[in-house]
Asks: 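Structure incoming, see below.
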Amino acid sequence: VLERDKFSIHGDIIPNIDVHLPYLLNFRKLSQKLIDLPFFSPVFFNYKTGNNDSLAFYIKDILGNIVGINRVQTADNEFFNKKWFEKNSNNGIGFTFSLCTNNSEILSIFETIFDAMSYQELFGEKSIQYMCSNGELGFKKSGLIKGYYSQNNFTKLYLGNDNDLAGVFF
């Protein structure tokens, strides 16, 4: 059972991410074809608060409820590539998910959505869903991953963790 307060959105959600394409294409070195894949195209949005536009993606619990927003500064300024969670986000129980097709056989766990996209670009998986921990790996999230894997009848689990201390621990 997941317990949480309802997450409140404090900015404007704009589905067009054109302003962030230079970051994705030139800095992250992702292809337009990859960004447009049904796995990933619905994941990203422009999140505007005040004068700040950031590339953003939802953090959802394993039931699909929005529990936060993960943001990345893509403007060419002193905060370029800064990542942060929107206030009151609950990453402790949340993940960023790619789209799941009805026939997805593989659940693949990555630290970030960008790691998952790089993997997809290299290997071109067809029957997969990506589940990203947003940098938080631990026992609680491991249990949530196990529950999500079981309730969705995946047949394979791929772990794509980094080789840093947190990734090795996970």
Side-chain angles (χ1 to χ4, degrees), residues 1-30 32 34-100 107-120 129-145 147-148 151-152 160-162 164 166-167 170:
V1 174
L2 300 174
E3 295 180 24
R4 65 175 179 80
D5 293 328
K6 187 168 174 77
F7 177 72
S8 297
I9 295 172
H10 301 281
D12 296 322
I13 306 244
I14 303 164
N16 186 317
I17 63 164
D18 288 351
V19 68
H20 305 292
L21 285 177
Y23 172 82
L24 293 169
L25 298 169
N26 302 327
F27 180 74
R28 288 287 174 178
K29 305 293 186 200
L30 302 170
Q32 185 69 54
L34 176 74
I35 295 164
D36 292 339
L37 282 177
F39 287 127
F40 300 114
S41 60
V43 172
F44 296 107
F45 54 91
N46 182 32
Y47 190 64
K48 186 173 185 72
T49 54
N51 292 330
N52 185 305
D53 284 281
S54 55
L55 180 64
F57 33 97
Y58 290 117
I59 302 168
K60 296 181 178 181
D61 66 21
I62 61 171
L63 302 175
N65 299 306
I66 297 170
V67 297
I69 294 177
N70 198 343
R71 301 176 69 177
V72 181
Q73 181 63 46
T74 66
D76 190 12
N77 60 34
E78 68 272 17
F79 300 111
F80 178 76
N81 199 38
K82 178 186 175 203
K83 299 158 195 76
W84 74 101
F85 298 115
E86 179 68 357
K87 62 183 170 184
N88 300 319
S89 292
N90 190 349
N91 192 50
I93 62 165
F95 301 87
T96 298
F97 293 92
S98 70
L99 187 68
C100 183
L107 178 63
S108 190
I109 312 302
F110 281 89
E111 188 173 344
T112 73
I113 192 69
F114 302 116
D115 295 336
M117 293 176 81
S118 295
Y119 178 88
Q120 179 63 33
Q129 183 182 26
Y130 294 98
M131 183 180 193
C132 305
S133 69
N134 299 309
E136 187 172 327
L137 302 170
F139 293 115
K140 185 175 187 174
K141 280 211 168 177
S142 296
L144 294 170
I145 291 167
Y148 187 78
Q151 77 186 28
N152 288 285
N161 38 314
D162 294 346
D164 59 12
F170 184 72

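The residues of the chain are indexed from 1 along the displayed sequence.
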Asks: At what distance, to the nearest 0.5 angstrom, does CD1 of I109 lie from OH of Y130?
Replies: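 Result: 11.5 Å between the selected atoms.
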Asks: Could you list the residues that satisfy side-chain hydrogen bond (donor to acceptor under 3.5 Å, both in side chains) with D36, not counting sequence neighbours?
Replies: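 side-chain hydrogen bond (donor to acceptor under 3.5 Å, both in side chains) check on D36 returns Q32.
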Asks: Taking side-chain hydrogen bond (donor to acceptor under 3.5 Å, both in side chains) as the test, write out the residues that go with S108, two or more places apart.
Replies: none
Asks: Has E111 got a side-chain atom pairing as donor or acceptor with S133's backbone, closer than 3.5 angstrom?
Replies: no
Asks: Of all the heavy-atom pairs spanning P38 and P42, show the shortest one and how long it is.
Replies: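 Scanning both residues, the minimum pair turns out to be O-CD, 3.4 Å.
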Asks: Would the number of heavy atoms belonging to other residues, nucleotides or ligands and lying under 6.0 Å from NZ of K140 be above 12?
Replies: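 Atom NZ in K140 is not crowded, with 12 or fewer foreign heavy atoms closer than 6.0 Å.
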Asks: Does the separation of the ring centres of F95 and Y148 fall below 6.0 angstrom?
Replies: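 No, the ring of F95 stays outside the 6.0 Å limit from the ring of Y148, centre to centre.
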Asks: Starting at CD1 of I59, measure out to CG of D61 and round the result to the nearest 0.5 Å.
Replies: 11.0 Å
Asks: Are L21 and I35 packed together at the side-chain level, in the sense that at least one heavy-atom pair is separated by less than 4.5 angstrom?
Replies: yes
Asks: Return the set of residues passing ring-ring contact (aromatic ring centres under 6.0 Å, His included) with F85 (not counting sequence neighbours), or none when no residue passes.
Replies: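 Result, ring-ring contact (aromatic ring centres under 6.0 Å, His included) vs F85: none returned.
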Asks: Only counting residues at least two apart or in another chain, list the ones meeting side-chain hydrogen bond (donor to acceptor under 3.5 Å, both in side chains) with K87.
Replies: none
Asks: Can you spot which of V72, L34, L55 makes a side-chain contact (heavy atoms from CB on, under 4.5 Å) with L24?
Replies: L55
Asks: Please test L144 against I93 for side-chain contact (heavy atoms from CB on, under 4.5 Å), starting from the C-alpha separation and ending with a verdict.
Replies: CA-CA 8 Å; L144 294 170; I93 62 165; 4.2 Å; yes
Asks: In Å and rounded to the nearest 0.5 Å, what is the CE to CD1 distance from M131 to I145?
Replies: 5.5 Å
Asks: Going through the distances and angles, do Q73 and W84 end up as a side-chain contact (heavy atoms from CB on, under 4.5 Å)?
Replies: CA-CA 9 Å; Q73 181 63 46; W84 74 101; 3.9 Å; yes
Asks: How many angstroms lie between OG1 in T96 and CD1 in I69, if you round to the nearest 0.5 Å?
Replies: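 Taking OG1 in T96 and CD1 in I69, the distance rounds to 10.5 Å.
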Asks: Kindly write out the residues that satisfy side-chain hydrogen bond (donor to acceptor under 3.5 Å, both in side chains) with Y58, not counting sequence neighbours, or none if the list is empty.
Replies: none
Asks: Calculate, to the nearest 0.5 Å, the distance between atoms CD1 and CG belonging to I113 and L30 respectively.
Replies: 10.0 Å
Asks: What verdict does the side-chain contact (heavy atoms from CB on, under 4.5 Å) test give for N77 and K82, after you've listed the backbone C-alpha separation in whole Å, the side-chain angles of each residue and the deciding distance to 0.1 Å?
Replies: CA-CA 10 Å; N77 60 34; K82 178 186 175 203; over 6 Å; no
Asks: Taking the six-membered ring for Trp, are F27 and Y23 parallel (under 30°), tilted (30 to 60°) or perpendicular (over 60°)?
Replies: parallel
Asks: Work out which heavy atom in F7 is nearest to a heavy atom in S89; give both atom names and the distance.
Replies: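 That closest heavy-atom pairing would be CE1-OG, 3.7 Å.
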Asks: Atom CG of N16 and atom CZ of F45: how far apart are they, to the nearest 0.5 Å?
Replies: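 If we round to the nearest 0.5 Å, N16:CG and F45:CZ are 13.5 Å apart.
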Asks: Determine whether more than 12 heavy atoms belonging to other residues, nucleotides or ligands lie under 6.0 Å from atom CZ of F79.
Replies: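 No, CZ of F79 has 12 or fewer neighbouring heavy atoms, counting only those of other groups under 6.0 Å.
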Asks: Do F44 and H20 have side chains that approach each other closer than 4.5 Å (heavy atoms only, starting at C-beta)?
Replies: no
Asks: Just checking, any donor-acceptor pair under 3.5 angstrom between side chains of T49 and N52?
Replies: no
Asks: Suppose we screen for salt bridge (Lys or Arg N to Asp or Glu O under 4.0 Å). Which residues come up paired with R71, at least two apart in sequence or across chains?
Replies: E86
Asks: Which label fits F110 and Y119: parallel for a plane angle under 30°, tilted from 30 to 60°, or perpendicular past 60°?
Replies: tilted
Asks: Do you know the tightest heavy-atom contact between K141 and G94?
Replies: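 The answer is NZ-O, 2.6 Å.
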Asks: After noting the C-alpha distance and the side-chain angles of N81 and K83, does the key distance pass the side-chain contact (heavy atoms from CB on, under 4.5 Å) rule?
Replies: CA-CA 6 Å; N81 199 38; K83 299 158 195 76; 3.1 Å; yes
